[in-house]
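A short worksheet on the structure shown next.
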Amino acid sequence: MHHASLLGLVVTIAVVVLGLGACDERRDAPPTAERPTAETTARPELAPTPPPVADWCAGHGLPESKCTRCNPSLIPEFQAAGDWCEEHGFPESACPVCNPRPPPGKAEPSAADWCVEHGLPESKCSKCNPSLVAEFRAAGDFCDEHGFPESSCPVCNPQAPPEGAEQAAIEARVVRFLSPDIERSAGIQTVAAEREQTSAAIECTARIAFDADAVADVRAIVPGIVRRIRAELGANVERGAPLFELESTRVGEIQGSLQAAQERVRTAQANLDRQRALRASDIASARQVELAEQELELARTEVRTAQTTLRMAGAAQSKPSGRYTLSAPLAGTVVRRPALVGMLATESESLATIADTSVMWALCDVPERHASSVALGQRVIVMLEGVDDPLEGELTWLAAEVDPRTRTVTARAEVPNPEARLRANQFARARIETGAPKTTVSVPRSAVQRVGEHEVVFVRTAPGVYEPRLVERRGDGERVAVEGRVEVGDAVVTTGAVLLRTEIMPGSIGAGCCEVEPPGGD
């Protein structure tokens, strides 16, 4: 019995030693390398499945069983299977650069918990929250090279920000003034957001021009000297009203030619009557009557030519005086009058321009990308600098080509101008309404501030507390429609909005008069 017990003890010790040796062998081998058996193939998994928590390489951001950096012996296996990323040196199906994914058991970061500045969850950002460093060091999850938790290091394991992260980060930066006195001294003013009926519209620049169908250029078709000016610059004239009196030797010659031609008509008429009487008595021949008729017709043609020339020139069909008057071809305003007494007027010199300004043209420069939304008959609002009340018109013409220099399409609107507020060559802003009216929230244009690529409105939610709200602005007028988390009645900041914008800008040191809450409220 004694020897048997001793033998049993020796056998037991040997088994334990052999077991320890087997454990040591497994410890020396790569901890997660898989050895193929008769029931398995050497081809690694191509369709990734969620790895267990223990099978994760935090240093490289992929399953430990597929980490070719920690286990280089796996490389030929993945290359043979065609699952290899040459660029980054990992299996293609698990490459942490091409296909980054969170560690197992870790939820996707939310937009509210994201540090836009450093590119990792705000709850793990050791740069924004240095107090977290000790905690991550104690857990063995810290990247000394970059100063972030190893599992979330934006340099070693970059992650794509969740959708809306930047917007959430902006709206989380609530501004709080340190005291009511500082808030009052900052001079911040608010107005209530209002409900407004608006419609989809295109904002563009516009040029004011005369209605080309209601403009006349006054010129002298017969050269002459200006002797008298009867219409002053800016005067309103009726159609046919006298404008200028001129004197011309050419007109005198035509008046003289008219009188001579009229005398030849009388003589030719008398000769024709006589020849017809002689022909009736069989004394004159038919040929003589025909020649008399031709002479009369020639004289009449000379009379008509002279009368037409004098009528077009504005000269009287009377005795030769050389005087003639230029009249207004249409009713309107004398908008230009370069004529001077004593100047030589010719057909190449403009004496005056008359325009009917009761209706003006607004030539809108519509950007090429918006041209397909513009159509005839659409309502146009024309806004002039320094004029409070906008003018309304309607689109009546669209250009058939794009301006190659400005890449815009000209759209013409006819705008009534009863008070003569519009002037030719004036610049304006035009708003072309392209959709049906709808109810929106409107705020003063000064309330909308730009932060990076976004626009925000600051809402006073409590004494000294101002929340940035992201909005989409519609329009460029004094009041604009906004879409976002702004409701009718919200106290939006106008005066002082620039100060608040400075406080929430990333990297800004601010004015030191208030506090800005980081995302998460910490």
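Positions are given from 1 along the sequence.
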Given V415 and V359, is the side-chain contact (heavy atoms from CB on, under 4.5 Å) satisfied, shown in steps? CA-CA 6 Å; V415 182; V359 175; over 6 Å; no

Can R276 and E293 be counted as an ion pair, charged N to O under 4.0 angstrom? yes

Any chance the side chains of D181 and S179 put a donor and an acceptor closer than 3.5 Å? no

Residue pair I188 / F177, side-chain heavy-atom distance below 4.5 Å: yes

Between E183 (side chain only) and G464 (backbone N and O only), is there a donor and an acceptor less than 3.5 Å apart? yes

Verify, without hydrogens or angle tests, whether E414 (side chain) and D211 (backbone) share a donor-acceptor contact under 3.5 angstrom. no

Audit row: L243, R230, side-chain contact (heavy atoms from CB on, under 4.5 Å) steps and yes/no: CA-CA 5 Å; L243 302 176; R230 302 181 63 176; 5.9 Å; no

At what distance, to the nearest 0.5 angstrom, does CG of L296 lie from CZ of R264? 12.0 Å

Hey, is the main chain of R450 close enough, under 3.5 Å, to the side chain of R501 for a donor-acceptor pair? yes

Residues E503 and V175: closest non-hydrogen pair is CB-CG2, 4.3 Å

Considering all heavy atoms of both residues, which atom of R207 and which atom of D365 are nearest to each other, and what is their separation? NH2-OD1, 3.3 Å

Side-chain heavy-atom pair R336, S350 within 4.5 angstrom cut-off: no

Minimal heavy-atom distance between R485 and R469, with the atoms involved, is O-NH1, 2.8 Å

Nearest 0.5 Å please: distance from the CG atom of L398 over to the CZ atom of R412. 9.5 Å

pair V289-L272: side-chain heavy atoms closer than 4.5 Å: yes

Counting distance only, does the side-chain N/O of S281 pair as donor-acceptor with the main-chain N or O of L278 below 3.5 Å? no

Which atom pair, heavy atoms only, marks the closest approach of A481 to T440? CB-OG1, 3.6 Å

Side chain proximity check, L344 to I225, heavy atoms < 4.5 angstrom: yes

Kindly indicate whether the side chain of R423, heavy atoms from C-beta on, has any atom under 4.5 Å from the side chain of I208. no

Beyond-backbone contact of L500 with Q449, side-chain heavy atoms, under 4.5 angstrom: no

Please determine, by modelled atom types, if R287 and Q275 share a side-chain donor-acceptor pair under 3.5 angstrom. no

Does D403 form a side-chain contact (heavy atoms from CB on, under 4.5 Å) with V409? I'd like the steps, not just the answer. CA-CA 6 Å; D403 190 310; V409 176; over 6 Å; no

CG-CD distance between D490 and E467, expressed to the nearest 0.5 angstrom: 9.5 Å

T346 versus P223, closest heavy-atom pair with distance: CG2-CB, 4.4 Å

Got a donor-acceptor contact below 3.5 angstrom from the T494 side chain to the S446 backbone? no

From R219 CZ over to S348 OG, what is the distance, rounded to the nearest 0.5 angstrom? 7.0 Å

When you look at V334 and E232, which way does the side-chain contact (heavy atoms from CB on, under 4.5 Å) test go after all the steps? CA-CA 7 Å; V334 180; E232 297 298 328; over 6 Å; no

Decide if atom CD of E487 counts as having more than 12 heavy atoms of other residues, nucleotides or ligands within a radius under 6.0 Å. no

First locate atom CZ of R431, then atom CD of E392, and finally report the distance between them rounded to the nearest 0.5 Å. 11.0 Å

Got W361 and L422 here, is their nearest side-chain heavy-atom distance under 4.5 Å? no

With a 4.5 Å heavy-atom cut-off, do V335 and F210 have their side chains touching? yes

Answer yes or no: does atom CZ of R304 have more than 12 heavy-atom neighbours from other residues, nucleotides or ligands under 6.0 Å? yes

We want to know whether N417 and T357 form a side-chain donor-acceptor pair, criterion being a heavy-atom distance below 3.5 angstrom. no

When rounded to the nearest 0.5 angstrom, what is the spacing between CZ in R479 and CZ in R445? 13.0 Å

Pairing of R473 and E203 as salt bridge, 4.0 angstrom limit: no

Locate the shortest heavy-atom distance separating S442 from E196; write the atom from each residue and the value. OG-OE2, 3.6 Å

